[in-house]
K.L.:
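Could you have a look at this structure, given as structure tokens, before my questions?
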Amino acid sequence: MSFKNKESLIHLTGFVFLVAQCLCMVEGKVHFYEFVLTEKNFTKLCNTSRMLVVNGSIPGPIIRVHKGDTVYVNVHNHGHYGVTIHWHGVKQPRNPWSDGPEYITQCPIEPGSNFTYEVIFSIEEGTLWWHAHSDWTRAYVHGAIVILPAIGTTYPFPKPDDEDIIVLGSWYSGNLKALVDDSLYYGSDLPHSVAFTINGEPGDLCPCSKETTYHLKVDQGKTYLLRLVNAIVAADMFFAVAQHNLTIVGMDAHYIKPIITSYLMISPGQTMDILLTANQSLGQYYMAARQFWSQNVLVTEFDHVNTTAIIEYKGNYTIPSSPSFPSTLPIYKDLKAAIEFSKNLRSLASKEHPVNVPLNVTTKMYITLSISDIACRNSTCTSKGNGTDILATSANNISWSSPIATNILLAYYRNISGVYTTDFPDEPLYYFNFTADDLPDDIAITDLGTKVKVLNYNDVVEVVFQGTNLREGAGTHPIHLHGYSFYVVGTGFGNYKNETDPKDFNLVDPVEVNTIGVPKNGWLAIRFIANNPGKHMTWGMSAVFIIKNGDTAETSIREPPPYLPPCKVPLRSWLQNNDGSNEKEN
């Protein structure tokens, strides 16, 4: 493939998964990991369920590297359905083949087969995570990635005495794969968790969970680096530790100006690096997390479980009957607490860790994120009767429909026609008061499509994401940029005003992340430089970018690996993607 006329792909998904930023790679060590996917029984909340996990545990194995290292992960699928793995927040310079989104950069690793990912670390430093990228399999197939400073360098803060990994997860009743498949097939609401977990355990406030509650043992006076991962499928979480302040020093493998706080809010997919000093009396203290519910305040049917772990001081003292619970943990619908926390996020912007905020924008996009309906025209929509609309999500009124006979990246690379089109719109097809109450249902109808946006190499891109209140579905929408991090230059409530709102953009020290939440009935503006040739997706609120190659081999997408998992079309997926009106796949 000639680098002068070939392009690369990134994938916006979301909730929105987009794709990388710096091509400068540091020479580092090479590491090898074996991931074995198997079905295993787990007993939680007094019930036993069988689920797919990696190496027999939830969370899965921890990947530990230094900045600039490379990792090869050989994934063996001994389960019963196809799976891919995504390295969330890893930029993968020029190497989209190992990014992992199903049917975007690869097809699933089929049962009984394996695939080796090459995971290239470049400028990332801090905490990231990996997870399955096949529907909701990531609920149990996930784990942390620890990226230490490059050898010979250190943290931009005093070195902690020790560290620990805290992974927030979700727990579901029954067979999650079957529940999600049915929801997607029938266009109904997706499953709701029955509990949240810390390092795989609900905590001793939940039934049948006291003996397995996670404990972190600490020495009085020492400081610990907590690497916090929100691996929950779709919930913003408040988090706090009783009688202890938290100092947040990093997000998504980028350093930030330290924030001293008594609580935090973390979006699904985000990671944070937190310093905790054990400066209280000898005893036991809960660390706790609960959901921040940003949707309709009248809705009460959501997961109210407070997941807990225990900070246990070492030493001689009388064990309390119950640990102290954090009084600073906000309640479920505390919008003010969420806003107050988020507005304090700023990049460190130091000499050793500078920011490079793009200023001269060449491409602007305005993307609405909505809960929508797809008009059901055939007998495959059997959930509510023929002719009834089904629930979906959309970006600029397009509900993403994955190809099922190949993947987007391979179709692009091999010039396979008919897989996608290049007409993803730069702005909404229709303008109205996006955040108004009582919007009519007829404007919530969306179209299925496999549409991509083409960008030139080194384009400076500004995307404004606009939340809408269609179907009264307003809530926080997390977005994730595959293969890139981005600067959050502005955010606000209501409809974005393109003449006045940019005047308040932070172009000095905006936070640099790979995942962020678009506020309920609000907007969020990001900027990034399209300089990672390559490409990259859940539930329809997705889009793909094709990024053209640069003028040299070093600024162009690498050739694909000698083996890629083949595409096999499951019957259920074919039925779901066929509209029945003209025998064309959607």
K.L.:
For Val167, does its backbone N or O pair with a side-chain atom of Asn199 as donor and acceptor, under 3.5 Å?
P.N.:
yes
K.L.:
Can you check whether Pro59's main-chain N or O pairs, donor with acceptor, with Ser57's side chain at less than 3.5 Å?
P.N.:
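Yes, Ser57 side chain to Pro59 backbone: donor-acceptor pair under 3.5 Å.
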K.L.:
Hey, does Asp161 have a side-chain heavy atom less than 4.5 Å from the side chain of Asp219?
P.N.:
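No - every pair of side-chain heavy atoms lies 4.5 Å or more apart.
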K.L.:
Just say parallel, tilted or perpendicular for the rings of His244 and Tyr313, cut-offs at 30° and 60°.
P.N.:
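Geometry flag for Tyr313 against His244: tilted rings.
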K.L.:
Using a strict 4.0 Å threshold on nitrogen-to-oxygen distance, state whether Arg227 and Asp164 make a salt bridge.
P.N.:
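Judged by the 4.0 Å cut-off on N to carboxylate O distance, Arg227 and Asp164 do not form a salt bridge.
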K.L.:
Taking all atoms of both residues into account, what is the closest heavy-atom pair of Ala309 and Ile198, and its distance?
P.N.:
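In this case the closest contact between Ala309 and Ile198 is N-CD1, 3.6 Å.
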K.L.:
Do Asp69 and Lys29 meet the salt-bridge criterion of a basic N to acidic O distance under 4.0 Å?
P.N.:
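Salt bridge flag = no for Asp69 with Lys29.
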K.L.:
How about CD1 on Ile260, more than 12 heavy atoms from neighbouring residues, nucleotides or ligands closer than 6.0 Å, or not?
P.N.:
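Count not over threshold, so no.
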K.L.:
Any side-chain donor paired with an acceptor under 3.5 Å for Tyr33 and Asn55?
P.N.:
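Side chains of Tyr33 and Asn55: no pair found under 3.5 Å.
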K.L.:
For Glu512 and Ser485, test the side chains for any donor-to-acceptor distance below 3.5 angstrom and give the result as yes or no.
P.N.:
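Checked: Glu512/Ser485 side chains pair up, N/O donor to acceptor below 3.5 Å.
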K.L.:
Any donor-acceptor pair under 3.5 Å linking the side-chain atoms of Thr43 with those of Thr48?
P.N.:
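Yes, because at least one side-chain N or O of Thr48 sits under 3.5 Å from a partner of the opposite role on Thr43.
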K.L.:
Is it the case that the side chain of Ser113 and the backbone of Ile109 share a donor-acceptor pair, with hydrogens and angles ignored and the cut-off at 3.5 Å?
P.N.:
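No, the answer is negative, given that no donor and acceptor are paired below the 3.5 Å cut-off.
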K.L.:
Please check this pair: side chain of Glu102 against backbone of Pro108, looking for a donor-acceptor N/O pair closer than 3.5 Å.
P.N.:
no
K.L.:
Parallel, tilted or perpendicular: which describes the rings of Tyr255 and Phe157, with under 30° parallel and over 60° perpendicular?
P.N.:
perpendicular
K.L.:
For Lys257 and Ser347, indicate whether the former's side chain and the latter's backbone hold a donor-acceptor pair under 3.5 Å.
P.N.:
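Checked: pair present.
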K.L.:
State whether the side chain of Thr105 and the backbone N or O of Gly100 hold a donor-acceptor pair below 3.5 Å, judged by distance alone.
P.N.:
yes
K.L.:
Looking at Ser122, is its backbone amide N or carbonyl O close enough to the side chain of Glu124 to form a donor-acceptor pair, meaning the two atoms are under 3.5 Å apart?
P.N.:
yes
K.L.:
Just by distance, do the side chain of Arg290 and the backbone of Leu329 share a donor-acceptor pair under 3.5 Å?
P.N.:
yes
K.L.:
So, Thr84 side chain and His133 main chain: donor-acceptor pair closer than 3.5 Å or not?
P.N.:
yes
K.L.:
Give me the ring orientation class for His88 and Trp129: parallel if the planes are under 30° apart, tilted from 30 to 60°, perpendicular past 60°.
P.N.:
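Taking Trp129 first and then His88, their aromatic rings sit tilted (interplane angle of 30° to 60°).
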K.L.:
Any side-chain to backbone donor/acceptor pair from Asp236 onto Met265? Under 3.5 Å, distance only.
P.N.:
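Checking the backbone N and O of Met265 against the side chain of Asp236, no donor-acceptor pair under 3.5 Å is found.
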K.L.:
Should the pair Trp130 and Trp87 be assigned to parallel (<30°), tilted (30 to 60°) or perpendicular (>60°) ring geometry?
P.N.:
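Answer is tilted, since the angle falls between 30° and 60°.
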K.L.:
Which residue, Phe292, Phe341, Phe196, forms the ring pair (Phe, Tyr, Trp, His ring centres under 6.0 Å) with Phe238?
P.N.:
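In the set Phe292, Phe341, Phe196, the residue that makes a ring pair (Phe, Tyr, Trp, His ring centres under 6.0 Å) with Phe238 is Phe292.
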K.L.:
Do the non-hydrogen side-chain atoms of Glu118 and Thr70 ever get within less than 4.5 Å of each other?
P.N.:
yes
K.L.:
Taking side-chain hydrogen bond (donor to acceptor under 3.5 Å, both in side chains) as the criterion, tell me which of Asp204, Asn306, Thr307 meets it with Tyr286.
P.N.:
Asp204
K.L.:
For Tyr140 and Tyr172, take the angle between the two ring planes, folded into 0 to 90°, and tell me which bin it lands in: parallel under 30, tilted 30 to 60, perpendicular over 60.
P.N.:
perpendicular
K.L.:
Evaluate the side-chain proximity of Val75 to Leu37: yes if any heavy-atom separation is below 4.5 Å, no if none is.
P.N.:
yes
